[in-house]
Amino acid sequence: MNVKTFVIRSEAPSAALALVKLSLEKYQRELNAAQLEAVTTTQGPVLVVAGAGTGKTKTLTYRAAYLVAMGVPASEILLLTFTRRAAQEMLRRAATVGDARAADIAGGTFHAYANRVLRQHGAALGLGPNFTVLDQADAEDTIDYCRTALGLHDKGTRFPRKFVLNDMISAAANKQQSIEEVVLQGYPHFEHCLEDIGKLAKFYSHYKQTNNLLDYDDLLTQLQRLLLEHPAIHRRIAGGWRYVMVDEYQDTNLVQAELTKLLSSVHGNVMAVGDDAQSIYAFRGANYRNILDFPQAYPGCKIIKLEENYRSTQRILDVTNFIINQAQEKFSKHLYTRREPAGEFPALVTAPDENMQSAFVAQRILELREEGVPLHEIAVLMRNGRNSFDLEIELQRRKIPFVKYGGQKLVEAAHIRDFLSYLKVLHNPKDLVSWNRILLLLEGVGPRTARGVTDWIKDAEEPYSLERATASRKYVLALRELGELLGRLARPEISLSNITEAVLAYYLPLLRRHYFEDHPRREADLENFLTIISSSDSVESLLSELALDPVDQAATYERLENDEKPLVLSTIHSAKGLEWHAVFLINALDGIIPSSYALGNSTELDEELRLLYVALTRAQNLLYMCYPSLASRRGYDYYLTNPSRFLKELPGEIYERLLLVEEPAVNLALNEPA
DNA sequence: TGCCCCCCTGTTTTT
DNA sequence: CAGGGGGGCA
């Protein structure tokens, strides 16, 4: 098909034109040719393939500012990004580039955007406006609840666990496949219970429908359904977006790709930005093919490549280019920089064991700080959240403040979820999963009793009159106390802070009993959590904020004692899009990166390689790739390890090796005058 | 029948 | 380190 573009000239007021001319000089001065082209190409579909550190964010930011300066109302621009943080940061910067109005551009994740639209138009699908969003842990609990309801819980031992079930159901939604296909392809060892899994998936779906619940995948698929099945609504919504921009397009899944198409279908002005070499979310249904297929999906699409790197030194790029070239699937970009000088060689650091690795990292960080590098300009990256435990202890010992991103989140910790369950029940008295959770905290109440009570709640007119739920006198007092508390707090005039205070007073004794061994730590967590959420103004907004934009600090969070901005610890996934002066990658071991789960499969192995690539390309000036040659399992039982297979082939002339040795006692003797 | 405690195992990454 | 399963006990 031949496609030409025909530009309809807008009759912009001349004042705006003058402004554009004026600022165009600024754009020409501050952007390179490819970036400028991406910024000023406003009509039709555009794909920007942007290598790591090539000014991707800058390009999007300037484009947003440019569009607004051209006179496009901010309310007609939609910017979809991977995290809400990224969107806010981008819009804030856009406002400083050109026009303060740029800050009013609608931005956020696909999920957050879907949430907004569905609250408004969900009625067309039979959704109430006050549906509850289930985060992953909620979804798992709900699935577990459904499993029990179907009586699949005591059918023997081989039934998948709740998080596996959730993965299956989610994969089916994200890849637009049937649950049977997913199980047969990805979980052949569960083929024998295919039928029960299918039954459960159906029941779960039905349960969500009748209880006004949406999980993450539903947010996307329901929005898709809304746009597909209701042309009038589709026209109105898509008609409102004159410009659609999608960041990190390589991490979109099929549904998101489809949504992009649907949302931009009226005006046809869509820009996708991404890097196929940085696709790291396949486990979530992301398909990096989306970005490769973009030109086919949007005939007439203009492709712009950004290849000049502004972030890293040449020596870092030499290593990262080599790394990514080991991929089975070849990438077409080759990053270069004009930065001078070439910088320090990236270092491969072999530590005798994990403690020494931590000691090295901590010591080197302190040295850098002495040299004037602020702590927050340094990051320690790891494959999974638990890889940093040893280092965290070392950092605490040396009083180095840090924040940790990724890994287990505060809102996923059992005690925080307990606490939130009270709020959820207040928000939605028919939330049986949350009821179940808080009932189980009562002394003497187990699954069976809890089940009886939730069965009663399901049809109860006054669900807070809990004492009517059971004939057994054993629990009546505890149930009455709980019911009265909730009944008192359910009034609309009670403020969120009053609610949290009362719930805390009620819950603390339960927490101490239930998590006796480590309750002080958990109490501290809870306190920390309450400070974080104190800015919310209602239970409803708090809950949906938490589901869609969870407090992204991990549960272990060192409070700062002074004003110094902390060192950053982060999983590689959470480090996406960020950069630091110095980057330490720790535990770069075979079996960790690449993960042992990916070893058997070259597609997954490639994703691990891209992940390593993402980690290393975060570094501006200094890069340390560390691994311990001896690791321990559960604190004893040491065994030898191998460094990541991806690092083995690195040519000797592009990096340097650092062998760690303990300061020999001899030196002390020599330094001391006899 | 239902609850509680101990032991075991293993979750990579996130909206 | 946390959650699930199994066994023991009321």
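Quantities reported herein were computed from a predicted structural model and do not represent experimental measurements. In the text below, chain A, chain B and the rest are named by the order of the sequence lines, each starting its count at 1.
One can place CG of Asp251(A) at 12 Å from P of dT14(B), the figure rounded to the nearest angstrom. Rounding to whole angstrom units, CG of residue Asn174(A) and C1' of dT15(B) are separated by 9 Å. If you measure from atom CG of Asp135(A) to atom C1' of dT14(B), you get 11 Å, rounded to the nearest angstrom. Whole-Å rounding puts the Ile586(A) CD1 to dT13(B) C1' distance at 15 Å. The CD1 atom of Ile593(A) sits 10 Å away from the C1' atom of dT13(B) (whole-angstrom rounding). Separating the NZ atom of Lys162(A) from the P atom of dG3(C) is a distance of 8 Å, rounded to the nearest angstrom. Separating the CZ atom of Phe163(A) from the P atom of dG4(C) is a distance of 9 Å, rounded to the nearest angstrom. Taking atom CG on Leu214(A) and atom P on dT15(B), their separation rounds to 18 Å, with Å as the unit.
Between Asp138(A) and Lys424(A) there is a salt bridge, with a side-chain nitrogen of the basic residue lying less than 4.0 Å from a carboxylate oxygen of the acidic one.
Between Glu412(A) and Arg386(A), the residue anchored nearer the 5' end of DNA chain B, judged by the nucleotide with its closest heavy atom, is Arg386(A). Checking Arg161(A) against Leu611(A), the closest nucleotide of DNA chain B that is more toward the 5' end is the one next to Arg161(A).
At the heavy-atom level, Ser596(A) lies nowhere under 4.0 Å from the strands shown. If you check every strand for non-hydrogen atoms under 4.0 Å, Lys576(A) touches nothing. If you check every strand for non-hydrogen atoms under 4.0 Å, Ala414(A) touches sugar and phosphate atoms only. The residue Arg451(A) sits apart from the nucleic acid: no heavy atom pair falls under 4.0 Å. Counting any heavy atom pair closer than 4.0 Å across all strands shown, Phe110(A) reaches no nucleic acid atom.
Proximity of Ser574(A) to the phosphate of dT13(B): no side-chain N or O atom is located under 4.0 Å from OP1 or OP2. In this structure, Ser595(A) does not reach the dT13(B) phosphate: none of its side-chain N or O atoms is under 4.0 Å from OP1 or OP2. Note on Arg437(A): every side-chain N or O is 4.0 Å or more away from OP1 and OP2 of dG3(C).
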Please determine whether side-chain hydrogen bond (donor to acceptor under 3.5 Å, both in side chains) holds for the pair Asn355(A) and Asp390(A), giving the CA-CA distance in whole Å, both sets of side-chain angles, and the decisive distance to 0.1 Å. CA-CA 7 Å; Asn355(A) 289 152; Asp390(A) 189 84; 2.7 Å; yes

Contacts under 3.5 angstrom, residues 111-118 of chain A side chains, donor-acceptor by atom type, not counting sequence neighbours:
from: Tyr113(A); atom 1: OH; to: Trp241(A); atom 2: NE1; distance (Å): 2.8
from: Asn115(A); atom 1: OD1; to: Arg119(A); atom 2: NE; distance (Å): 3.2
from: Asn115(A); atom 1: OD1; to: Arg119(A); atom 2: NH2; distance (Å): 3.3

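The cationic atom of Arg512(A) (NZ for Lys, CZ for Arg) does not lie both less than 6.0 Å from the six-membered ring centre of Tyr507(A) and within 45° of the ring axis.
In the set dT13(B), dT15(B), dG5(C), the nucleotide with an atom closest to the side chain of His111(A) is dT15(B).
A 4.5 Å side-chain heavy-atom check between Thr641(A) and Leu630(A) finds every atom pair outside the cut-off.
Once the 5.5 Å centre distance and the 30° plane angle are applied, the aromatic ring of Phe283(A) is found stacked with the base of dT13(B).
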